[in-house]
Student: 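What follows is a structure written as structure tokens; I'll ask about it next.
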Amino acid sequence: MKPREVTRSGALPRGVRVAAALCLVLSSVTGFIACNEASTMMNFEAYREAQREHAPSLPLLGRDPAVTRAIMEAQLSALSPMRESRALVLTGLSVACTLLFFASSRMLRSPDGIPRNGFRQVLGGAGIFAALLRTIDGAQAAVVARNTSQAMIEGLKGLPEFQAPDAAEQLHALVPSLMTFGAVVPTVIVAGGFAVLAQYFRSEGVRDAIVTLDGPTEDP
């Protein structure tokens with residue numbers, strides 16, 4: 001017989017409810033993105049051919065298809081050597097996010113009679129694992145962004161706005177840093193979020209609150 005589910009989130013401390021809800025959202029979004037990117041890395045040759053056949057346009061760089069193609073080729077060249085390791089990292093991140101999504105949803109809405117402390121332990125362990133893998137993922141993305149920056153600079157140099165004599169120096173100084181920054185910031189936010197949530201669920205205060213809520217365990 002399927003266990004009756006009851007909404008017991010009202011008995012949870014407010015901080016635990018908020019943390020579990022944040023973990024639910026963060027793990028679902030991150031896991032979805034990681035799963036899609038892992039699939040792309042596992043089918044990299046097909047992805048490369050599709051990109052070459054239907055190169056996306058970049059209005060910011062004008063309408064010259066050669067510029068778009070150069071940027072795309074630079075990105076593909078940067079991804080190619082790391083496609084196996086990146087697929088492994090993203091697959092692991094997908095699994096960790098799946099565990100976090102399940103544990104956080106069970107923390108908010110636990111089947112009657114099932115203690116929440118086990119879900120708390122999963123949130124603590126899988127959260128640290130997800131933070132580590134998301135950090136590696138971000139480091140790989142930063143490498144790709146930096147390797148793509150030269151093609152981006154060449155594309156920007158062809159625009160009228162960057163024809164001034166000192167524009168080339170400014171582009172070479174700013175573009176690599178900005179592209180790397182764009183890869184690092186999401187990593188800090190997401191990986192840091194996972195790490196903070198994991199440490200929160202591993203804290204003594206949360207453990208004591210959940211153990212008290214679960215009540216005494218029955219001896220076999």
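Heads up: numbering here begins at 1 and tracks the sequence. Values below: all heavy atoms of this structure, side chains included; hydrogens, waters and symmetry mates excluded.
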Student: State plainly whether one hydrophobic cluster holds both Leu88 and Leu79, where clusters connect Ile, Leu, Val, Met, Phe, Trp and Tyr through side-chain heavy atoms under 4.5 angstrom apart.
Tutor: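 Not linked; separate clusters.
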Student: Can you name the nearest heavy-atom pair linking Ser77 to Pro81, along with the distance?
Tutor: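 Reported closest heavy-atom pair: O-CD, 3.0 Å.
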Student: Would you check if Tyr47 and Leu76 make a side-chain contact, meaning some heavy-atom pair closer than 4.5 Å?
Tutor: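 Sidechains of Leu76 and Tyr47: in contact.
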Student: Which heavy atom of Leu12 sits nearest a heavy atom of Arg116, and at what distance?
Tutor: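 Here Leu12 and Arg116 meet closest at CD2-CD, 3.8 Å.
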Student: Could you state the interatomic distance from CE (Met82) to CD1 (Ile136), rounded to the nearest 0.5 Å?
Tutor: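 Here the rounded value is 12.0 Å.
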Student: What I'd like to find out is whether the side chain of Met107 reaches to under 4.5 Å of the side chain of Leu24, using heavy atoms alone.
Tutor: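 Met107 vs Leu24: side chains apart.
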Student: Counting distance only, does the side-chain N/O of Ser28 pair as donor-acceptor with the main-chain N or O of Val25 below 3.5 Å?
Tutor: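 The answer is yes, because a donor-acceptor pair under 3.5 Å joins these two groups.
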Student: Tell me the closest heavy-atom pair linking Ser39 and Asn43, and the distance in Å.
Tutor: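 That closest heavy-atom pairing would be O-ND2, 2.9 Å.
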Student: Treating Arg120 as the side-chain partner and Phe201 as the backbone partner, does any N or O pair qualify as donor plus acceptor under 3.5 Å?
Tutor: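 Yes, because the side chain of Arg120 sits within donor-acceptor range (under 3.5 Å) of the backbone of Phe201.
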Student: Taking a hydrophobic cluster as the set of Ile, Leu, Val, Met, Phe, Trp and Tyr residues connected by side-chain heavy atoms closer than 4.5 Å, whether directly or through intermediates, do Met42 and Leu90 fall within one such cluster?
Tutor: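 They do not share one cluster, since no chain of ILVMFWY contacts under 4.5 Å joins Met42 to Leu90.
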Student: How about Thr40 and Arg83: do any of their side-chain heavy atoms sit closer than 4.5 Å?
Tutor: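 Heavy-atom side-chain distance check fails, nothing below 4.5 Å.
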Student: Please determine whether residues Leu197 and Val16 belong to a single hydrophobic cluster, defined as Ile, Leu, Val, Met, Phe, Trp and Tyr linked transitively by side-chain heavy-atom distances below 4.5 Å.
Tutor: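 The answer is yes; both residues are in one hydrophobic cluster.
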Student: State, with a plain yes or no, whether a side-chain heavy atom of Met41 is found less than 4.5 Å away from one of Thr91.
Tutor: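 Of all side-chain heavy-atom pairs linking Thr91 with Met41, none is under 4.5 Å.
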Student: Return the minimal non-hydrogen interatomic distance between Ala20 and Ser104, and the atom names on each side.
Tutor: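 Between these two residues, the closest heavy atoms are O-CB, 3.4 Å.
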Student: In this structure, would Ile189 and Phe181 fall into the same cluster of hydrophobic residues linked by side-chain contacts under 4.5 Å?
Tutor: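 Both belong to a single hydrophobic cluster.
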Student: Counting only heavy atoms not in Glu204 (residues, nucleotides, ligands), do more than 12 fall under 6.0 Å from its CD?
Tutor: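 Check fails, neighbour count at 12 or below.
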Student: Does the side chain to side chain contact (heavy atoms under 4.5 Å, CB included) test come out yes or no for Val175 and Met179, once each step is laid out?
Tutor: CA-CA 6 Å; Val175 172; Met179 293 187 68; 3.8 Å; yes
Student: For residues 178-202, which residue pairs qualify under side chain to side chain donor-acceptor pair (under 3.5 Å), counting only residues two or more places apart or in two chains?
Tutor: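 The answer is Arg134-Thr187, Arg146-Thr180.
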Student: Quick check on the hydrophobic clustering: are Leu213 and Val206 connected, directly or via other members, by side-chain heavy-atom contacts under 4.5 Å?
Tutor: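 Yes, one cluster joins them.
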Student: Supply the atom-to-atom distance Leu93 CG to Arg86 CZ, rounded to the nearest 0.5 angstrom.
Tutor: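 So the gap between those two atoms works out to 10.0 Å.
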Student: Could you measure the distance from the CD1 atom of Ile210 to the CG atom of Leu123? Nearest 0.5 Å is fine.
Tutor: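 Between Ile210 CD1 and Leu123 CG, I get 9.5 Å after rounding to 0.5 Å.
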Student: Using side-chain heavy atoms (C-beta onward) and a distance below 4.5 Å, is Ser80 in contact with Arg48?
Tutor: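 A side-chain contact under 4.5 Å exists here.
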Student: Under a 4.5 Å cut-off applied to non-hydrogen side-chain atoms, are Cys97 and Phe194 in contact?
Tutor: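 Of all side-chain heavy-atom pairs linking Phe194 with Cys97, at least one is under 4.5 Å.
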Student: With a 4.5 Å cut-off on side-chain heavy atoms, are Ile114 and Phe119 touching?
Tutor: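 Yes, side chains in contact.
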Student: Checking the side chain of Ser105 only, and the main-chain atoms of Phe102 only, is there a donor and an acceptor separated by less than 3.5 Å?
Tutor: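 Present.
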Student: Could you state the interatomic distance from OG (Ser94) to CG (Leu99), rounded to the nearest 0.5 Å?
Tutor: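 Spacing of OG (Ser94) from CG (Leu99) equals 11.0 Å.
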Student: Distance from Ile33 atom CD1 to Asn36 atom CG, nearest 0.5 Å?
Tutor: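 These two atoms lie 8.0 Å from each other.
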Student: Does the side chain of Cys23 reach to within under 4.5 Å of the side chain of Leu26, using non-hydrogen atoms?
Tutor: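 Cys23 does not reach Leu26 side chain to side chain.
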Student: Measuring from Asp137:CG to Ser85:OG, what's the distance to the nearest 0.5 Å?
Tutor: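 Rounded to the nearest 0.5 Å, the CG-OG separation comes to 10.5 Å.
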